[in-house]
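Notes for the one structure printed next.
In this text the structure is predicted, and so the values were computed from the model without any measurement. In what follows, residues are counted from 1 in the order of the sequence shown. For ligands, and for the atoms within them, numbers begin at 1 and follow the listed sequence.
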Amino acid sequence: MNLKLRIENLSKTFVMHNQHGARLPVLNNASLQVAAGECVVLHGHSGSGKSTLLRSLYGNYLPDSGHIWVEHHQQWVDLVSAPARQILALRRDTIGWVSQFLRVIPRISTLEVVMQPLLERGVDRAESEERAQALLGHLNVPSRLWSLPPSTFSGGEQQRVNIARGFIAESPILLLDEPTASLDSVNCAAVVSLIEQARARGAAIVGIFHDNAVRERVADRLHVMQSVTPEHAV
Ligand SMILES: Nc1ncnc2c1ncn2[C@@H]1O[C@H](COP(=O)(O)OP(=O)(O)OP(=O)(O)O)[C@@H](O)[C@H]1O
């Protein structure tokens, strides 16, 4: 098995300093491995820690203990102990993040927003622009919008711009945080086909999907979140 991601014994407890130091254990020794070409869907009730795990895999949350081994340029790097500079390199070259929310950058055109990850990797402008156009077309974002900043777009249009931006770099590892939430069935199918293409090219995918039909379509397997009781707090 060509593993791309190895999560070992990950634990995370939120400590709320403004609530008299209340402790909320969320992850307790979570372990998971994801191979190239595999899509693992995180499964569990609301509050079971799916987003916490996914955010930890992108370096947004720092676990208390455990390891997140990521294959980065043919070497295993532990995201938990990696310095900030290396996390930025991992995000640029190895780990893609696709959520339903676009972090809007004022005055930058949609085309520019979408092609930015490729430009950052050193791909030339003409090729980046061509791929951005192809993706925006695939996701039914009308071409009259491409030269405009997405800040005034509808929620669904912004979501699709964000999805195009997340998929354009063809990252070896993709983290998908409900990318189809609130999309209509046509656009949902367009996103599902991007996920299937990513799997076919060998991406290792971890995602959260609340829509049963989408989950059944894309998941190779489910990772069931373990329930964590307060006595597991460290
Ligand atoms: N930054 C934070 N600070 C404090 N508590 C947090 C933080 N992020 C998440 N939590 C808590 O951790 C628990 C798990 O939240 P998380 O968002 O990971 O769950 P989830 O399984 O993704 O839920 P949902 O399906 O509702 O999105 C929740 O009880 C939540 O309140």
Side-chain angles (χ1 to χ4, degrees), residues 5-34 38-70 78-82 84 87-88 90-91 95-103 155-156 158-160 162-163 166 171 173-184 187-188 191-192 195 203-234:
L5 185 61
R6 292 173 10 231
I7 301 159
E8 293 173 356
N9 304 318
L10 214 60
S11 296
K12 172 81 182 164
T13 293
F14 289 108
V15 180
M16 279 157 292
H17 299 287
N18 57 355
Q19 305 277 341
H20 311 290
R23 300 168 70 81
L24 185 68
V26 177
L27 303 176
N28 178 48
N29 279 324
S31 295
L32 168 67
Q33 298 189 334
V34 191
E38 190 178 37
C39 178
V40 177
V41 173
L42 304 182
H43 188 63
H45 62 79
S46 175
S48 59
K50 302 181 294 295
S51 299
T52 301
L53 178 55
L54 205 65
R55 286 183 188 157
S56 302
L57 301 184
Y58 199 54
N60 279 347
Y61 284 161
L62 182 64
D64 303 318
S65 59
H67 303 281
I68 299 170
W69 294 105
V70 176
D78 184 7
L79 194 72
V80 176
S81 56
I87 292 178
L88 292 178
L90 281 161
R91 290 178 179 180
I95 309 176
W97 173 268
V98 184
S99 76
Q100 51 183 310
F101 303 111
L102 177 69
R103 214 187 47 196
Q158 288 193 6
Q159 190 177 347
R160 282 174 285 139
N162 201 36
I163 289 165
S171 305
I173 296 171
L174 273 176
L175 307 176
L176 309 179
D177 187 5
E178 294 199 56
T180 57
S182 67
L183 288 183
D184 60 32
N187 287 311
C188 198
V191 176
V192 167
I195 296 170
I205 303 174
V206 183
I208 301 172
F209 298 93
H210 282 130
D211 183 313
N212 281 335
V214 173
R215 190 165 50 215
E216 275 169 27
R217 182 95 185 267
V218 301
D220 289 299
R221 66 193 159 93
L222 301 180
H223 172 77
V224 179
M225 303 298 296
Q226 302 288 324
S227 60
V228 183
T229 49
E231 58 267 26
H232 284 125
V234 283

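- In this structure a side-chain-to-backbone donor-acceptor pair under 3.5 Å is present from Asn162 to Ser99.
- The line from CG of Leu57 to CG of Leu174 is 12.5 Å long, rounded to the nearest 0.5 Å.
- Contacts of ligand 1 (protein heavy-atom distance under 4.0 Å) are Phe14, Leu24, Val26, His45, Ser46, Gly47, Ser48, Gly49, Lys50, Ser51, Thr52, Tyr61, His210.
- Atom CZ of Arg91 has more than 12 heavy atoms from other residues, nucleotides or ligands within 6.0 Å.
- Within the 4.5 Å cutoff, no side-chain heavy atoms of Leu27 are placed close to those of Pro63.
- From Ile95, atom CD1 reaches atom OH of Tyr58 across 7.5 Å, with rounding to the nearest 0.5 Å.
- Residues satisfying the side-chain hydrogen bond (donor to acceptor under 3.5 Å, both in side chains) criterion with His210, sequence neighbours excluded, are Glu178.
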